[in-house]
Amino acid sequence: MKETYIDEMDLNMYRIVPAPPKWDLQEYIVTYLKEKDERYLSWFLHYYEKTLNKNVQSYMRQFFMQEHFADLKQAYIAGLLKALGKYTPDGGASFVSFKEHYAEREILDYIRSMRTGFTVQSFAEYAKLRKAMAVWDKYDRNYADDAIEAVAAEIGETTDDTKEILLGGLLNENRVDLYQQYAEDDEAESTEEAHTDTSSDTYTLYMKGELYARLWEAYDKLEYTERMMLAQRLGFCFGCHSTFYMDHNDLDEYGEPKKKPIKPMMYTDIATDHEYSSANTAHKKCEKALMKLKEAIKDLI
């Protein structure tokens with residue numbers, strides 16, 4: 001399918017002429033945090049923008065939202081700036097890795113809060129529906145068998161499944177928008193019944209933001225071993241908090257590494273990793289850490 005045109009100004013909104021001194025990306029961030037001088041952040045964005053654009057375009061393809069590049073990019077930057085406020089260079093992770101959790105959360109919040117006209121039960125289903133409807137638009141929404149077969153071939157679904165997807169899209173257009181409890185794993189199946197979305201009202205968004213901020217603040221205050229064990233048990237990266245990793249041995253249709261969920265570890269494996277005598281010891285330590293997190297947010301839930 002032909003790529004959607006992206007305005008050069010949107011692609012190069014952080015370009016500086018003449019180009020600033022070229023350093024290691026981490027050095028820009030470390031210097032910015034030390035000097036509190038915005039120019040070092042500008043220098044970082046100048047040299048990181050090409051990678052940033054590539055990351056945003058991967059979300060465009062995943063959710064079939066080519067017309068939203070500029071907005072998705074701004075959401076990504078919002079997450080990057082939030083990460084900057086939480087980042088400490090001596091934490092063991094580079095800023096480029098650390099900020100991905102925050103950038104992804106802002107991207108998904110943007111997607112969820114849009115008035116799209118579709119309701120589905122997961123981000124994966126939403127991406128599939130948007131792609132199907134966009135492909136069907138090329139065929140003027142013709143419901144003849146040959147048109148449906150062509151759409152099915154392009155989206156990699158059976159003809160019968162494609163008909164159900166398209167009918168679902170038609171029934172839900174201009175009625176409700178995407179409903180989804182926040183989930184890091186965009187492949188996770190939701191058991192919630194889809195209904196009119198209330199997740200984008202001001203109070204709800206404020207409370208979600210407060211909950212996440214309080215939760216990660218409490219997590220950062222845990223002992224090192226507690227943080228490591230929780231990351232292993234719950235399935236996220238200890239360094240950057242992302243629940244995904246890039247599998248460079250498994251490429252997608254665009255030749256890019258596929259994003260896959262980090263699998264949670266069993267207590268037996270965690271115990272072995274930390275040289276504990278039994279899985280029960282690892283279990284108790286994780287439960288103790290979780291109780292500390294629950295205590296920190298008990299007034300918000």
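Since the structure is predicted, the reported quantities are computational estimates derived from the model, not experimental observations.
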(Q) Between Glu104 and Tyr59, is there a side-chain donor-acceptor contact under 3.5 Å, judged purely by atom types and distance? (A) yes

Q. Can you name the closest pair of heavy atoms from Ala19 and His46 and give their distance?
A. CB-NE2, 3.8 Å

Q: Side-chain contact test, heavy atoms from C-beta onward, threshold under 4.5 Å: evaluate it for Arg105 versus Tyr102 and give yes or no.
A: yes

Q) Arg233 versus Lys285: any side-chain heavy-atom pair under 4.5 Å? A) no

Q: Using distance alone, with no hydrogens and no angle criterion, decide if Thr162 and Thr159 have a side-chain donor and acceptor under 3.5 Å apart.
A: no

Q: State, with a plain yes or no, whether a side-chain heavy atom of Thr281 is found less than 4.5 Å away from one of Tyr267.
A: no

Q) Taking it one step at a time, do Lys284 and Tyr276 satisfy side chain to side chain contact (heavy atoms under 4.5 Å, CB included)? A) CA-CA 11 Å; Lys284 288 181 178 179; Tyr276 291 131; over 6 Å; no

Q. So does Glu49 pair up with Lys73, basic N to acidic O under 4.0 Å?
A. yes

**Q.** Audit row: Ile6, Asn53, side chain to side chain contact (heavy atoms under 4.5 Å, CB included) steps and yes/no
**A.** CA-CA 10 Å; Ile6 301 175; Asn53 287 338; over 6 Å; no

(Q) Quick check: closest heavy atoms across Tyr87 and Leu33, and the distance to 0.1 Å? (A) CD2-CD1, 3.8 Å

**Q.** Minimum side-chain heavy-atom gap Glu217-Lys221 below 4.5 Å
**A.** yes

Q: State yes or no: do Met13 and Leu11 share one hydrophobic cluster built from I, L, V, M, F, W and Y residues joined by side-chain heavy-atom distances below 4.5 Å, directly or via other members?
A: yes

Q) Which pair of non-hydrogen atoms, one from Leu230 and one from Cys286, has the smallest distance, and what is that distance? A) CD2-O, 3.9 Å

(Q) With clusters defined by side-chain heavy atoms of hydrophobic residues (ILVMFWY) lying less than 4.5 Å apart, directly or transitively, does Tyr224 cluster with Leu290? (A) yes

Q) Do you know which two heavy atoms are closest between Leu222 and Lys292, and how far apart they sit? A) CD2-CD, 3.5 Å

Q. Do Trp23 and Leu84 belong together in a cluster built from hydrophobic side chains that touch within less than 4.5 Å?
A. yes

Q) Any side-chain heavy-atom pair from Val96 and Ile29 closer than 4.5 angstrom? A) no

(Q) When you measure from the side chain of Tyr47 to the backbone of Pro20, do you find a donor-acceptor pair of N or O atoms at a distance under 3.5 Å? (A) yes

Q: Taking all non-hydrogen atoms of both residues into account, name the closest pair between Ala271 and Ser278 and its distance.
A: CB-O, 3.4 Å

**Q.** CG on Leu41 to NZ on Lys36, rounded to 0.5 Å
**A.** 11.0 Å

Q | Separation between CG of Asp273 and OG1 of Thr268, rounded to the nearest 0.5 Å | A | 11.0 Å

Q.
If you apply the rule side chain to side chain contact (heavy atoms under 4.5 Å, CB included), what do you find for Ile148 with Trp136, and how did you get there?
A. CA-CA 8 Å; Ile148 300 301; Trp136 195 30; 4.0 Å; yes

Q. Given the rule in the side chain to side chain contact (heavy atoms under 4.5 Å, CB included) test, do Asn55 and Glu100 qualify, once you have shown the distances and angles that lead to the verdict?
A. CA-CA 10 Å; Asn55 292 343; Glu100 275 305 300; 3.8 Å; yes

**Q.** Rounded distance (nearest 0.5 Å) linking atom CG of Asp71 with atom CG of Asp10
**A.** 9.0 Å

Q. Do Tyr32 and Trp43 have side-chain heavy atoms sitting under 4.5 Å apart?
A. no

Q | Rounded distance [0.5 Å steps], CG in Leu52 versus OH in Tyr14 | A | 7.5 Å

Q. So with a 6.0 Å cut-off around CD of Gln26, is the heavy-atom count from everything else above 12?
A. yes

Q: Using only heavy-atom distances, determine whether the side chains of Lys99 and Tyr76 contain a donor-acceptor pair under 3.5 Å.
A: yes

Q: Decide yes or no for Leu25 and Phe95: does some side-chain heavy atom of the first lie under 4.5 Å from some side-chain heavy atom of the second?
A: no

Q. Any idea how Phe44 and Tyr48 line up, ring-wise: parallel (<30°), tilted (30 to 60°), or perpendicular (>60°)?
A. parallel

Q: Enter the distance from Lys288:NZ to Leu293:CG here, rounded to the nearest 0.5 Å.
A: 13.0 Å

Q. Where do Ser42 and Ile16 come nearest, in terms of heavy atoms and distance?
A. O-CD1, 3.7 Å

(Q) Is the shortest side-chain heavy-atom distance between Ile77 and Leu45 below 4.5 Å? (A) yes

Q. In Å and rounded to the nearest 0.5 Å, what is the CD to NE2 distance from Glu287 to His283?
A. 4.0 Å

